[in-house]
Amino acid sequence: MIAKLKGLLDETGADWAVIDVQGVGYLVHCSSKTLSALGNVGEACTVFTDLQVSENDMRLLGFAEAGERDWFRLLTTVQGVGSKVALAILSALSTGELRDACAAQDAASVARAQGVGPKLAGRIVNELKDKAGALPGGGAAAGAAARPVSGADADAVSALENLGFKPALAAAAVAHAQGELGEGAALNDLIRVALKRAAG
């Protein structure tokens with residue numbers, strides 16, 4: 001799986017960008033917040049990515065921060081939320097605002113996103129209220145939580161995926177384990193706690 005791209009910003013559109021990595025142009029679909037964070041055409045940039053494969057499509061999603069990618073993966077676990085809707089939500093709300101909205105059951109804030117009606121917004125905050133606290137976003141822990149995913153975090157997510165868990169669930173479980181164990185947790189401990197969380 002392609003997890004990150006580092007190259008030059010080659011071209012941008014309304015909801016996409018082309019990243020030139022040593023002569024190969026990768027088309028990545030992005031939220032408006034990520035597009036604005038990438039800088040100007042011709043400048044160096046880094047995007048964290050998520051590859052989505054369906055029966056008739058292969059799509060690379062790009063994010064300015066690993067935390068935004070974690071939220072994208074979590075959002076797409078909710079029934080009725082595909083990649084387009086998830087990007088619309090991340091365009092309308094920062095990860096901090098989204099975290100606070102889920103924690104406070106504030107469906108109206110989520111419904112500000114294009115294509116998200118009151119019913120879907122209610123489902124999103126209801127399903128994610130218990131998972132939101134473990135992911136980057138608002139609140140006192142925002143500064144610490146918004147850090148890029150460490151090597152141990154990424155390895156733990158990969159381990160859970162290899163055991164058959166979906167990427168979004170694996171990422172959410174590892175984020176929860178990281179929050180519970182704290183900075184510098186050993187990989188084995190992260191996997192053990194995340195596995196318990198994911199298995200529910």
Closest contact, heavy atoms only, A185 versus L190: CB-CG, 4.1 Å
Locate the shortest heavy-atom distance separating L195 from L163; write the atom from each residue and the value. CD1-CD1, 3.9 Å
Examine distances only and state if a side-chain atom of N40 and a backbone atom of E43 form a donor-acceptor pair shorter than 3.5 Å. no
Would the distance check show the side chain of T49 and the main-chain N or O of I2 forming a donor-acceptor pair, the cut-off being under 3.5 Å? yes
Between F63 and L90, is any pair of side-chain heavy atoms under 4.5 Å apart? yes
May I ask you to decide if S32's main-chain N or O and S91's side chain share a donor-acceptor pair within less than 3.5 Å? yes
Residue K4 excluded, over 12 heavy atoms near NZ under 6.0 Å: no
Test side-chain contact (heavy atoms from CB on, under 4.5 Å) on Y26 and V18 and set out the steps. CA-CA 5 Å; Y26 291 87; V18 174; over 6 Å; no
Does S31 form a side-chain contact (heavy atoms from CB on, under 4.5 Å) with W71? I'd like the steps, not just the answer. CA-CA 12 Å; S31 70; W71 267 105; over 6 Å; no
Could you check whether any side-chain heavy atom of L98 comes within less than 4.5 Å of a side-chain heavy atom of V110, counting everything from C-beta outward? yes
Might you point out which heavy atoms bring G80 and L120 nearest each other, and give the distance in Å? O-CD2, 3.9 Å
Let me know which of L8, L5, L9 forms a side chain to side chain contact (heavy atoms under 4.5 Å, CB included) with C45. L9
Non-hydrogen side-chain atoms of S94 and K33 separated by less than 4.5 Å: yes
Is it true that L51 and V21 fall in one hydrophobic cluster, defined by side-chain heavy atoms closer than 4.5 Å? yes
Would you say W16 and V28 make side-chain contact, with heavy atoms under 4.5 Å? no
So does Q105 have more than 12 non-hydrogen atoms from other groups sitting under 6.0 Å from CD? yes
Spell out, as yes or no, whether a donor-acceptor pair under 3.5 Å connects the side chain of T34 to the backbone of C30. no
Does atom CD (Q22) have a neighbourhood of more than 12 heavy atoms from anything else shown, all under 6.0 Å? no
For the pair K129 (side chain) and N126 (backbone), establish whether a donor and an acceptor sit closer than 3.5 Å, ignoring hydrogens and angles. yes
Test item: V85 and T76 side chains (from C-beta on) under 4.5 Å apart, heavy atoms: no
Backbone N/O of Q52 and side chain of R59: donor-acceptor pair under 3.5 Å: no
Are I191 and D155 close enough, and set up right, to give a side-chain contact (heavy atoms from CB on, under 4.5 Å), and what steps lead you there? CA-CA 9 Å; I191 294 173; D155 289 344; over 6 Å; no
Correct closest heavy-atom pair for S109 and A101 would be CB-CB, 4.2 Å
What distance separates I89 CD1 from R112 CZ, expressed to the nearest 0.5 Å? 11.5 Å
Between L60 and L27, the two heavy atoms sitting closest are CB-O, 3.6 Å
Heavy-atom donor-acceptor pair, R123 side chain to Q79 backbone, under 3.5 Å: yes
Taking every heavy atom of A14 against every heavy atom of L35, the minimum-distance pair comes out as O-CD1, 3.4 Å
side-chain contact (heavy atoms from CB on, under 4.5 Å) between D10 and I19, intermediate numbers included: CA-CA 6 Å; D10 193 60; I19 313 297; over 6 Å; no
